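Just so it is clear, the structure is predicted and the values come from calculations on it, not from any experiment. Just so we're on the same page: letters track the sequence lines, and every chain starts at 1.
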Number of protein chains: 2
Amino acid sequence: MPVTSTRELIIEKADTLFYEGGYEATSFAEIAAAVGISRGNFYHHFKTKDDILNAVIRRRVMSTRIMLDSWQADGAGPRDRILSFVHMLIANRSKIMAFGCPVGTLCTELAKLDHVAQTHAAEIFGLFRDWLAGQFRVLGAGDRAEQLAMHILSWSQGVAVMAVAFRDEAFIRTEVARIESWLSALPNLPHAAKESQCS
Amino acid sequence: MPVTSTRELIIEKADTLFYEGGYEATSFAEIAAAVGISRGNFYHHFKTKDDILNAVIRRRVMSTRIMLDSWQADGAGPRDRILSFVHMLIANRSKIMAFGCPVGTLCTELAKLDHVAQTHAAEIFGLFRDWLAGQFRVLGAGDRAEQLAMHILSWSQGVAVMAVAFRDEAFIRTEVARIESWLSALPNLPHAAKESQCS
DNA sequence: GACGCTATAGGTCAATTGTCCTAGTTGTTT
DNA sequence: AAACAACTAGGACAATTGACCTATAGCGTC
C-alpha cells in the first residue's frame with residue numbers, strides 16, 4: 001500500500017487546486033489529472049463535489065489545529081506565539097501574493113456561492129480567533145482578548161487582500177513590521193505578569 | 001428609446017451578478033434573464049465574456065472616480081473625507097456581510113483565474129489609494145501619505161473579509177470606531193495646518 | 001417604397017460540467 | 001481454489017457552458 005492512500009492524495013491535490021484556482025473553477029477532471037487517476041475512480045471515494053470540499057475543509061481544520069498546538073507547545077511567550085501567526089504572512093508571501101489567504105478566499109467564495117459549507121470553512125477562522133484570544137488572555141487582556149484576536153486576524157486578512165491585488169511584497173513586510181510594533185506597544189494590559197497557570 | 005440603453009442595462013445587471021455570485025459562476029443565461037433579453041442578443045453587444053467583464057470594471061472605475069470627486073467637492077476637511085471612505089463599510093454593511101467588498105473579492109477571484117483583467121480591477125484600488133494618499137498629504141503626512149493610504153485601505157479590506165466570514169455586523173462597527181479613533185489620534189503630522197492650496 | 005443599419009430572437013455548435021454505470025483488476029479471507 | 005470486498009478504469013449520461021449563426025423586426029434616410 002502507498003504511504004498515503006489515494007483518498008488522502010485526492011484531498012491533498014484538491015486542497016491546493018481549490019486554493020490556487022478556486023472551488024467553483026476547479027473540475028473533477030483537473031483533480032483526477034493532478035492525482036493521476038481516472039475520473040470514474042473518483043466516485044468510489046467521493047460521491048459529490050461537496051464531499052470533496054468538506055473533506056478539504058476538514059483537512060484544513062485538522063492541520064490548523066496541529067499547527068496551533070505546535071505553537072502552543074513551543075515554550076515561547078504569548079507575544080512570540082502571536083508573532084508566529086503573523087509571520088505566516090511572510091513565510092507564505094509568494095502564494096499569498098498569487099492566490100490570497102486560503103481561508104479568507106475560500107470563505108468569501110463560498111459566501112458568494114451561497115454554499116452550506118461556508119460556515120464550516122469559517123470554522124478555521126474560529127480556531128485562529130480562539131487561539132489568539134487565548135494568547136491575549138494570558139497577556140491580561142481580559143474581556144478585550146477576543147476583540148484583539150479578531151483585530152489581528154482582520155489585519156492579516158487585509159494585508160493578504162492588498163498583497164494579491166497589487167502583488168506587493170514590500171507592503172506585506174511593512175504591515176508585518178507595523179503589527180509587530182503595535183503588538184509590543186499594546187497599552188498596559190492589566191495582569192500581563194502572571195503568564196503561567198491560566199487554566 | 002429607453003432611459004438607459006440595453007447595453008448599459010447589461011453592464012449594470014452583470015455588475016451586480018458578478019458581485020453577488022462571482023464572475024466565473026455567473027453565466028450568460030443568468031445575465032440575459034436578469035436583463036430580460038435573449039442569449040443571442042447578447043453577442044451583438046458583447047463578443048466575449050471578457051468584454052462584459054472589462055465593461056463592468058470600466059463602469060466601476062468611473063463610478064469610483066465620480067464618488068471620490070463628490071467627496072472631494074464636499075467642502076469637508078481631509079479627515080472627514082477619509083471618514084467618508086471608512087463609513088462605506090457601515091453604509092454597505094448588509095451587502096458586505098453577504099458578498100464581501102466588490103473590489104477586493106473581484107481582484108482575488110481574477111487572480112486565481114489568472115485573468116488578464118486582474119490588473120484592470122486592481123486599478124480601482126489604485127484610485128482609492130491615490131485619493132486617500134492625497135488626503136493624508138493634505139494632513140501633512142508627506143512621504144508617509146501613500147503608506148497610510150494603503151494601511152487604511154488594507155484595514156477596511158480585512159474588516160470586509162471577517163464580516164463575510166462570520167456575518168458579524170458588530171465587528172464592522174467596532175472596527176470602524178477603531179479606525180476613527182486611530183485617525184483622530186494620528187501622531188503629529190508635520191504640516192497639519194496648511195490645508196488649503198495644495199495643488 | 002427601397003435601402004441600410006441596429007437591435008432582437010432563437011437555433012446550433014463543440015466542449016465541458018457533475019454524475020452515474022458497468023466491467024475489469026487486485027488483494028484478502030476462507 | 002473459491003468467494004468476496006475494495007479499488008480502478010473508461011464510457012455514457014443529461015445539462016450547461018461560451019460562442020456563433022441566420023432570420024426577422026424596427027426605424028430612419030434617401
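In this structure, the side chain to side chain contact (heavy atoms under 4.5 Å, CB included) partners of A:Thr48, at least two apart in sequence or on a different chain, are A:Asp50, A:Asp51. Residues satisfying the side-chain hydrogen bond (donor to acceptor under 3.5 Å, both in side chains) criterion with B:Arg7, sequence neighbours excluded, are absent altogether. For A:Glu109, the side chain to side chain contact (heavy atoms under 4.5 Å, CB included) test picks out A:Tyr23, A:Glu24, A:Leu113, with sequence neighbours left out. Partners of A:Ser27 by side chain to side chain contact (heavy atoms under 4.5 Å, CB included), not counting sequence neighbours, listed by chain and number: A:Ala29, A:Glu30. Residues satisfying the side chain to side chain contact (heavy atoms under 4.5 Å, CB included) test with B:Arg58, not counting sequence neighbours, are B:Asn54. Not counting sequence neighbours, A:Arg39 has no partner by the side-chain hydrogen bond (donor to acceptor under 3.5 Å, both in side chains) test.
Between the side chains of A:Gln135 and A:Gln72, at least one donor-acceptor pair of N or O atoms lies under 3.5 Å.
For residues 79-106 of chain A, the set of pairs meeting the ring-ring contact (aromatic ring centres under 6.0 Å, His included) definition, not counting sequence neighbours, comprises A:Tyr19-A:Phe99, A:Phe85-A:Phe128. Residue pairs meeting the side chain to side chain donor-acceptor pair (under 3.5 Å) criterion with at least one member in residues 90-105 of chain B, sequence neighbours excluded: A:Lys112-B:Thr105, B:Glu20-B:Lys95, B:Arg93-B:Glu169. Applying the ring-ring contact (aromatic ring centres under 6.0 Å, His included) rule to pairs touching residues 53-80 of chain B yields B:Trp71-B:Trp131, sequence neighbours excluded.
Of the residues in residues 41-53 of chain A, A:Asn41, A:His44, A:His45 come within less than 4.0 Å of DNA chain D through at least one heavy atom, sorted by number. Near DNA chain C, meaning a heavy atom under 4.0 Å from it, residues 16-40 of chain B has B:Ile37, B:Ser38, B:Gly40 in order of number.
Note on B:Thr6: every side-chain N or O is 4.0 Å or more away from OP1 and OP2 of C:dA7.
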Check: protein-nucleotides 24-29 of chain D nitrogen or oxygen pairs below 3.5 Å:
none

